[in-house]
Each structure stands twice: as C-alpha cells, then as structure tokens.
Amino acid sequence: MTAGSPAASSTGRLAARLAWRLSDPAVGVWLAALGVTLLGWIVVNARGGDFLTQPNVTIILQNCVALGLIALGQTMVILTGSLDLSVAYLVSLGTLVAAETMDGREGNIAWAVLVVLLLAGAVGLANGLIVTGLRVNAFIATLGTALILRGWIEDTYTGPAGSVPGTFRRLGYDRIGPLPVSVFLLAAVAVALWLICRRTRLGHHMYATGGDEHAARLSGVRTHRTVILAHVLCSLCVGAAALFLAARFGTGSPWAGTEARYDLESIAAVVLGGTLLAGGRGGVVGTLGGVVVLAVLDSVFNQLSVDPFFKNVLRGVVIIAAVAVWTRRRRRGAPRRTA
Amino acid sequence: MLTMRDMTKSFLGNRVLHNVTLDLVPGEVHAVVGENGAGKSTLMKLLSGEHTPDGGRIELDGEVRTFAHPAQAQAAGIGVIHQELALLPDRTVAENVLLGREPTRFGLVDRAAMERRTAELLDDLGAVGIGPGTPVRDLSVARQQMVEVAKALAADVRILVMDEPTAALAEHEVAALCDLVRRLSARGLGILYISHRLREVFALARRITVLKDGRAVTTVATDDTTMDAVVRAMVGRELTSYYPPRAARARVGDPVLTVEDAGNERLARISLSLRPGEILGVGGLQGSGRSSLARALFGAAPFTTGTMTVAGRPLRPRRPRQAIGAGIALVSEDRKGEGLALRQSVRDNALLVTRAVPGRQRPPGDGALAELLARVRLAGAGHGAGREVRFLSGGNQQKVVIAKWLAARPMVLLFDEPTRGVDVGAKAAIHTLVRELAGEGLAVLLISSELPELIGMSDRLLVMAEGHLAGELPAGASEEDIMRLATTDRTALARKGGERR
C-alpha cells in the first residue's frame, strides 16, 4: 500500500478528528443552532425584516424556557431508558393548580409553588412506580397517566381558572437587558441537572440503567430506584415549566401543555440534541441546543409568516436529518488515533 | 468460607436445581462443570443474588445469608464475572469498573479518584495499556474481560465467580487469563470457575464439581480424577472419539467457490477455494479477520475488490440475500443475535430462510420439517416444533440454526464458531453433523478459536493474521504450526505480498 506523505496524512487525520468532534451531538446541535440563527438573520434581513432585535431575541429566549424545562426533564427519563408522555397534561394541570392556589394573592405564592411541585413530584413518583413496580412499558404507562390527568382536567375545568398575582407574573415578563429572568430559572435547572448527570452517583446510574439495565443491576445498581428518581426529576422540571407558564398567562389554562404539544415536542428536542431514545447516551447540553434550534426555527418561520403546514414539514425534516447524522456517527465509530 | 447447601430452584414449574450442595475454601479454585442446562449458571445466579432460591441456604463464614439483589451479594464480598460481559460500551473503563460504588467527595462523584482507583486496579492485574478514560467500546474482548475482572475486584470481593470467562477468548488470551486466576487464588480469593473447557479446568482447579440435570453428581479433587472420568460424569456415557473421521481424498470434488485476490476494509489479498466434500478450517487470533472473511463470503460485509465465483459463475455477493440465492449459508458466531429469532418457535426459525428467499427452496411441510429436525439431531424434537427457541439449550439452538440453512439446501456452509457456548454432548453431535454434511457433498468452511476442534475437524487449514491469509496447512497440523502463522506480524505479510506481485 502506498500511503501519502506523512504531513498530508497527519493533516488528514486531524481533519478527521475535527470532523468527529464537530459531529458530537452536543457540539453539532449548537453549531446547528448557530447556523439556523445566521440563516434566519440573512433571510429575514433580505426580506427587509430585522431578526436580531432585542424584542425578538427576548421572545426567542422566552419561548425556550417552557420547552427547555420540559425537555430537560424528558432528557432525564430518556437517558434512563424510560419515557414520559404525560408531561403535556401535567403542565396544564400545573398551571391550573398554581393559579387557583395563588388566587391573586401574593401571600399564597410560596404555598402554590410548593403545591405544584408536590403534585408534579407525586405524578413522577406514580409514573416511576408503574414503570418499575408493575413493569408496564414506559410508553404505555405514561400514556395512561396522561389520560388520567386529562380526565381530571376535563372533568374539573371548562376553561381558564384562577389568577396569578402581579409579583409572580414578573417571572414571566421581567427582563435584564435582553435576557428574560425566566432564562435564569432555565439555566439554574440546566446546571443542576448537568451536575446530577455528570457528578453524582444518581447520574452515573441513570446512564448505566439506560445503557443496559441488566448489566447495571448485576453491577449492584438499584435500577428501579434510579428509574423512579429520573421520573420524579422529570416531573419536577415539568412543574417548574407549569409555574413559568402560569406566570406568563396570568391564569391557569387547561390547554397550556397540549396546545404546544409539549409531550412530542420535548422528545423531539431531546433526540435533536443527540440523546439516544433507547437511553444511556446524550445529555443536558445537547437537549438545550435542540431547544434553541426549535425556538429559533419557530421565530424565523413566524417572521417570514411561513404557511404553518410548510413550517411543520421543515421542522420534521430538520429533526429527521439531525438524528440521521447522529446515527451515522455512531455506526462509524471514532477515527483511530494511529493509522 | 462459603457453603451452598441443598440449593433448589424451579422456573415455571420446571425444577432446574435439585438440592445442590457446594463449598468453597479461601485460596481455592473450585471448578463447576456440566453440560448446558445442567444448572451451573442458575446455581451462580442464586449466589449472586440475581435469583432467589426456592430452597436451601447460603452460608458465608458459617452465617446464613439471603441475597435479594446483586448489590447485597456484592456487599457480602461475592463478585461475579458473567459469561456475557456486563459492561456498558458507551461508558469509560473507570465508569464501568466503579459502577455502583463511585467514590464521592462532598456528595459529588470524584472523577479523579475514580480514574486513579481504576488505574491501580488494572495495574494490580497486570493489565497494561488500558486507559481508565477510554470508552469500553474501543477495547478488544480480551481487554474488556480484564475490565470485568477489575470491576469485580473493585468491590473487595473474597469470592469470585467466573462464568465461562474464556468463551470469547483466543488461546493465547486464555493462557493470560489462567495466570491471572492463579494469582488471584494465591491472594486468598475463593474462585468458583465455570467452564466447558476441561483443559483449563484441569490446569486451574483444585476441586471439580460435576453438575448433571440439576444435581451435583460428584465433587472430586482434580488430582484424583481424569478428564475422561469427568466427561463421563457430565454426559453419563463414554465419548470414545472426540472427532469424526476425515473425508476420503477421492470424494473431494472441484471447487464450488473460489476467491481471487479479494479484499475490503478489513481483509486484503484473500485467495481461496472451497471444494465439495471437504472441511476447510480457518484459524487465527481474535480480530484476525476470520469472521470478516465469513461475512464477506456471505455478502454481509462484502468484498469490495477481487473476484469470486460460485459454482463456476462469477458472483461477488453484495447482500446476504444474493449469497443465499447462490447457495451459501452462514452459521454466525452470534447465535442469539444473528442466528435466531429467539421469541419465535422452532418451526418458524427453521423455515425462516425458505420463507424469506423464494426460488431457493419451498418451505418444507410438517413431515419434511420433522425429518429435518431429526437430521440435525435436535434433542427432544418430539416435544414439538412449536416451542419458542429461547427455551432451548445453546446446543439445541445451534441445531435449529443449522436446520434453518439445510432447509434451503445450500452448497456452501460457513460455520463461525459453531460450538461456542455449547455443551460437550451437543458439541460432539455438531461435529458429527458437520462431517456428515461434508460427506454429502457440501463445501464447509469452519472457523474456530478452539485449536483441538480446528485440527480435529479440518481437511485443510487456513490461518489468518491481521486481515491477511498468513498461510495454509494440511490436515494434522500441530497447534504450534497454527499459532506460529497466527502471530505472523504485518511486516512479514507485507513482504510476502510483495513477493507474490
């Protein structure tokens, strides 16, 4: 075999390694986010619009918050090899419970926050127990809880209910410069979850359980407990999203979660961020990237007032393309360090 | 230190262990042997807390213990190395080794300490060149095994259970593992060693317990017994000759499959011919390209260069379907993953190929199917072909795989490790069957890591090294001949290639 000159082959190898790093989902999805933003900026400007204005950036970020919180929660369960389809109804119920408990009075805020988080935690616990204890497939189990929550909502509420006091609504509207304060809530949750994933036993066990539940169990990991905790974490994130949306809307809405299709949307953001749907691989950073890509795309489409049908087609294409790229990378494996 | 007394366990009303009693003393290697389905793995799973026994008790240092979860067994100092490695390919070596016992500092996992501790453990095992930060996926099987051992030792175990630790290793790696086992037992660990390979068992163990049909037949000191006696106890009959007689030269016909200077990503300059009536053995180390060769011939990972003919016509299969159509069959080394649809019945599996590839052969009817299953000597074929394949023993599963291919009446049969993880009795049956098939005029390619099997079965032998054919040997070559060729280094191969050009 005739190899090229050493210099040529070493640059080739460097390029291969660089390409490999760039196709790491956690890096790639952020590059994609950057690309989409640039593209949006060019296209919108070419149409005589203005893309990177302060109000627009604020709107994009605000749109990131609810989906971001839910997708981060979803990341936890998907990493662990589970899934949560009940998030959309839990969000709706969360906003209703928050607004009704606050009932327009500032004194009730702390109490309401606690109640919503407790409710969310309980739903997560139930999901986790059904998945592990009753050994019901997560898809079916959480679809079941979703239907139960839906029944509860439809039976109890006919429309918006409760009211959120002004102080709490500031969570939805205040901003520091172009940054909405709610972004700090998202950031705090993201950092906390990142730490859990990377630096706690629970996190390591979540990856292990999602990667190979049997192997994890044989290694002494309490896999059931891990799955249950992942579900609780997920639902707590959903609870936080519900509080944020209640602050945005000023009232509880039975359609808060379902109208935005947070169940499927959050799963889309997670896989867009390179987390394996089967579990064991991926993480917080990728998911945030996925959320940003979806939010920026939405904003671009809105500015260009694209036909909603075409908009959904494009979103579908983006999601499929991203996952295809991540899969391709996985199958190829890393380039060898030495030729 | 450990006594398992009267262990009993049933699955679905099927009793797989009857009052098995076993004890282990510190510093001892105690081998547990038996055919597949004899209950060895079940016994170990009771010890490791994976299953809970229906009866009997486990005593550790005289104290009765019950384990409801593997974590409890580990806490008690029992480590298990499973036959199918329980490693997470996407996680690093350190994350695997210390899984379930990650060191923490202020409640957070201390990665530095984790890598340090892992490096210490690996050093201690004499496993050089395994970085704690490497993803396990990037390691060879032998190195993954080292990681498994390190993982078991990370828990400060006193008792180590090794379930078929050498099943996936090549011969020279087996030697290294045996050394390691000796060193561990010298440190005072009690080791329960489960293996099909009696040679290893006799080289390592102080005592041997033979299980048969869920009962402990005998426990003997290795010095007081012979391999023949142990085999007799295992199968309950005498195995006179391990390998059937070779093919008569005269009956070997003209080549039915030829390959000329072929290659792909993993293979280079492959030239060979397969003739009806003969068994061509292929030896080499793990990763030398043996399986790649079989997969290339079968069109699963096709050749990209060179020429190939099947039955005199040029054909370089690009898909398995094409190869099957031309009469090539592959009994893959990964029986459960690639050979069978585990949750389907024996019948569905046996008919899979004929159903999927029309034109080759019509699916056989019930009578023909029964004949086919009898021909591969499927034990208990009378139980009906409706049973799900996953309930069969490894040996019987392999017979179903062979039946599936025979249904399509192939001309060329490629066997990749056909007796891996198969018990002694079934192994002999498979050997006889393979020889019979060759006798009926099929061309057989046989890949095996087990040198005695390779030598005993082959009419000719090819040895592979680093994706090349390192050489050809006649029947009756010695293990040394094969190993010498198998360890040929790349420079020598390159020189040889140059000469040929």
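So that the names make sense, note that chain A is the first sequence line, chain B the second, and so on, each numbered from 1.
- In plain terms, the two heavy atoms of Gly49(B) and Arg217(A) that are nearest each other are O-NH2, 4.0 Å.
- Summarising the geometry of Ser219(A) relative to Ala86(B), their closest heavy-atom pair is OG-O, 4.3 Å, with the distance given to 0.1 Å.
- In terms of heavy-atom pairs under 4.5 angstrom with chain B, the leader among Thr200(A), Leu202(A), Ile196(A) is Thr200(A).
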Stepwise side-chain contact (heavy atoms from CB on, under 4.5 Å) test for His214(A) and His82(B): CA-CA 11 Å; His214(A) 188 62; His82(B) 296 270; over 6 Å; no
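- Only the side chain of Arg137(B) comes within contact range of chain A, judged by heavy atoms closer than 4.5 Å.
- His205(A) places a side-chain heavy atom less than 4.5 Å from the side chain of Leu99(B).
- For Phe184(A), the CZ atom counts as densely surrounded, since its 6.0 Å shell holds more than 12 non-hydrogen atoms of other residues, nucleotides or ligands.
- Within the 4.5 Å cutoff, side-chain heavy atoms of Met114(B) are placed close to those of His204(A).
- Chain A forms the most heavy-atom pairs under 4.5 Å with one residue out of Ala152(B), Ala73(B), Ala71(B), and that residue is Ala71(B).
- Remark: Arg390(B) CZ is packed, more than 12 non-hydrogen atoms of other residues, nucleotides or ligands lying under 6.0 Å away.
- Taken from CD1 in Ile81(B) to CG in Leu218(A), the straight-line distance is 12.5 Å, to the nearest 0.5 Å.
- Of the two parts of Glu102(B), the backbone and the side chain both hold a non-hydrogen atom closer than 4.5 Å to a non-hydrogen atom of chain A.
- Summarising the local packing, CZ of Arg198(A) is surrounded by 12 or fewer heavy atoms from other residues, nucleotides or ligands at distances under 6.0 Å.
- Both the backbone and the side chain of Arg201(A) come within contact range of chain B, judged by heavy atoms closer than 4.5 Å.
- How far CZ of Arg91(B) is from CG of Asp212(A): 13.0 Å, rounded to the nearest 0.5 Å.
- Neither the backbone nor the side chain of Ser48(B) has a heavy atom closer than 4.5 Å to any heavy atom of chain A.
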